[in-house]
Amino acid sequence: QRRLEAEERQRRAERRKPLQKEIAALERELERLSAEKSRLDALLAGEDIYKDANKGQLTVSLKQQAEVRSRLEDVEGAWLEKQAELEQLG
């Protein structure tokens, strides 16, 4: 009985390991994207970016901000899915 329980725990751990790696990678990506979003938010909160001389940088920064927000939502969704899978494995 104990051996069977130990084998089952081992099988669960083996199934969990790839998910844990994926979750760790997603968490690193979330950190990177959050830092980039914060940087862009701070840049766009300043007055200088809205001066005529910085119109090009403003356009690029707004586009980057939208891309980062979209990617952040995607990665957060993937992270939530993987966490749910991990919880189902027990």
Side-chain angles (χ1 to χ4, degrees):
Q1 178 72 21
R2 285 183 176 171
R3 186 175 61 99
L4 292 175
E5 290 171 357
E7 288 173 358
E8 178 58 29
R9 280 192 307 273
Q10 182 65 31
R11 280 193 293 275
R12 261 188 301 195
E14 288 173 6
R15 288 192 308 260
R16 290 171 57 100
K17 196 172 228 174
L19 275 175
Q20 289 169 329
K21 281 185 175 184
E22 287 180 58
I23 289 169
L26 289 168
E27 288 171 346
R28 286 189 300 275
E29 182 69 1
L30 283 172
E31 287 177 23
R32 186 190 69 75
L33 289 167
S34 293
E36 180 65 10
K37 181 183 175 297
S38 294
R39 184 190 72 77
L40 289 165
D41 289 347
L43 178 68
L44 293 167
E47 293 179 17
D48 290 344
I49 192 78
Y50 297 97
K51 293 181 180 174
D52 286 340
N54 297 326
K55 291 282 187 197
Q57 185 182 5
L58 174 61
T59 303
V60 169
S61 296
L62 287 170
K63 183 178 178 188
Q64 287 175 336
Q65 184 188 45
E67 290 170 355
V68 167
R69 281 184 179 167
S70 175
R71 180 74 181 127
L72 197 52
E73 287 178 16
D74 292 345
V75 174
E76 285 173 344
W79 181 86
L80 288 170
E81 288 176 17
K82 295 299 177 184
Q83 284 288 23
E85 287 179 41
L86 189 61
E87 285 180 23
Q88 286 178 348
L89 288 177

Answer yes or no: is there an ion pair linking [X] with [Y], defined by an N-O contact shorter than 4.0 Å?
| X | Y | value |
| --- | --- | --- |
| Glu7 | Arg3 | yes |
| Glu31 | Arg28 | no |
| Lys82 | Glu85 | yes |
| Arg11 | Glu14 | no |

Practice item. Please answer: with hydrophobic residues joined when any side-chain heavy atoms are less than 4.5 Å apart, are Leu43 and Val68 in the same cluster? Key: no
Exercise for review: Kindly indicate whether the side chain of Glu36, heavy atoms from C-beta on, has any atom under 4.5 Å from the side chain of Glu67.
Suggested key: no
Do you know which two heavy atoms are closest between [X] and [Y], and how far apart they sit?
| X | Y | answer |
| --- | --- | --- |
| Ser61 | Leu40 | O-CD2, 4.1 Å |
| Leu89 | Arg12 | O-CD, 3.1 Å |
| Glu27 | Trp79 | OE2-NE1, 3.1 Å |
| Leu58 | Leu44 | CD1-CD2, 3.6 Å |

Point to revise | Co-members of the apolar cluster containing Val60 [side chain, <4.5 Å] | key: none
Separation between [atom1] of [X] and [atom2] of [Y], rounded to the nearest 0.5 Å:
| X | Y | atom1 | atom2 | answer |
| --- | --- | --- | --- | --- |
| Lys21 | Leu19 | NZ | CG | 12.0 Å |
| Leu33 | Asp74 | CG | CG | 9.5 Å |
| Leu62 | Gln57 | CG | CD | 10.5 Å |
| Asn54 | Glu47 | CG | CD | 12.0 Å |

Review point. Counting only N and O atoms by type, is there a donor-acceptor contact under 3.5 Å from the side chain of Ser34 to the main-chain atoms of Leu30?
Key: yes
Exercise for review: With side-chain contact (heavy atoms from CB on, under 4.5 Å) as the test, would you mind laying out the steps for Gln64 and Arg39 before giving the verdict?
Suggested key: CA-CA 11 Å; Gln64 287 175 336; Arg39 184 190 72 77; 3.9 Å; yes
Exercise for review: Walk me through it: do Asp41 and Arg69 pass the test side-chain contact (heavy atoms from CB on, under 4.5 Å)?
Suggested key: CA-CA 11 Å; Asp41 289 347; Arg69 281 184 179 167; 4.0 Å; yes
